[in-house]
Amino acid sequence: MNTHDSYQQCVRGPRCAEATVNPDTGERTGSLTFRPYCDPCTAHIKAKVQDLPVVYRELRAQYGIQPTLGSEDVRVHTSRVDPSIPIREDLDVLVTEIETTVASYEDRVRQQLGMGQAPPSSWKRRADRVERACRLLAERVTVLLSLPLEWMRIDGAHDERGGVDAGLDLLDLHHRADRAGGSQPVRYVVPVVCPQCRLPAGVTRVAGEDGATCLCGYVIGEDEYRQLTATLAEVAEAAR
Ligand SMILES: [Zn+2]
Ligand SMILES: [Zn+2]
């Protein structure tokens with residue numbers, strides 16, 4: 001099996017993490033591997049899958065999943081969220097695509113490992129479902145990237161897909177989600193309530209930077225910001 005014949009160029013080709021560059025032509029060639037993806041590219045895909053739930057939550061916070069009134073313990077009030085925050089249909093579509101794609105590949109990996117399907121009830125908490133699916137996909141990245149070609153439901157359609165597609169699909173999804181966040185206005189209002197002054201619509205964030213700042217001067221660090229957007233997503237789930 002491990003003869004030189006079974007080695008081939010990494011699927012990512014010129015984008016391969018260990019691509020070699022031809023000094024004469026400048027042409028980039030993916031490293032040789034006996035799996036579809038070379039080891040550094042496998043690690044790269046794993047890292048992006050691990051980061052996907054973070055990007056997902058940011059997108060949801062940005063396109064304005066706004067919790068409804070009623071939960072007193074959480075100080076988020078829909079009526080006072082800045083109405084100028086636009087609802088972005090394209091982000092909504094992307095968010096749904098992330099949810100369905102990771103769930104589809106989770107099903108394939110579970111099937112491959114004889115694990116049985118993911119609990120269906122968890123769709124109520126979609127953010128948690130995305131988080132858990134991505135954790136499983138990252139842990140079983142080798143299984144994921146070696147999936148055989150099979151017909152499967154993906155993003156609302158039926159298509160024949162295997163491990164090679166899984167890697168490219170997930171990288172593409174992360175890339176688009178990341179860019180969608182980055183294409184926001186340079187500084188934009190986020191529907192997160194400042195933990196210090198509790199004034200709504202005072203927190204803004206600079207695209208591509210970690211954390212956020214409030215009008216009162218309070219700086220929300222990266223971890224705290226992630227926590228706040230996670231809470232926001234959960235409140236939105238619970239309110240549905
Ligand atoms: Zn590679
Ligand atoms: Zn504040």
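First listed ligand is number 1; within each ligand, the first listed atom is number 1.
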Sorted by chain and residue number, which protein N/O/S atoms are under 2.8 Å from the Zn ion (ligand 2)? Cys194 SG, Cys197 SG, Cys214 SG, Cys216 SG
Taking the side chain from Thr101 and the backbone from Ile98, do they hold a donor-acceptor pair closer than 3.5 Å? no
Mind checking how many protein N/O/S atoms fall short of 2.8 Å from the Zn ion (ligand 1)? 4
For Glu58 and Tyr225, does a side-chain donor sit closer than 3.5 Å to a side-chain acceptor? no
Roughly how far, to the nearest 0.5 Å, is CD of Glu106 from CE of Met115? 8.0 Å
Please say whether more than 12 non-hydrogen atoms of neighbouring residues, nucleotides or ligands are located less than 6.0 Å from CD in Glu27. no
Heavy-atom pair of closest approach, residues Val203 and Val192: CG2-O, 3.3 Å
Are Leu173 and Val49 connected in a single hydrophobic cluster, I mean Ile/Leu/Val/Met/Phe/Trp/Tyr linked by side-chain heavy atoms less than 4.5 Å apart? yes
Shortest non-hydrogen contact from Gln9 toward Pro14: OE1-N, 4.5 Å
All heavy atoms of Ala19 vs all of Gly13, minimum pair found to be CB-O, 4.1 Å
Within the distance-only criterion (no hydrogens, no angle test), does the side chain of Asp159 pair as donor or acceptor with the backbone N or O of Arg161 below 3.5 angstrom? no
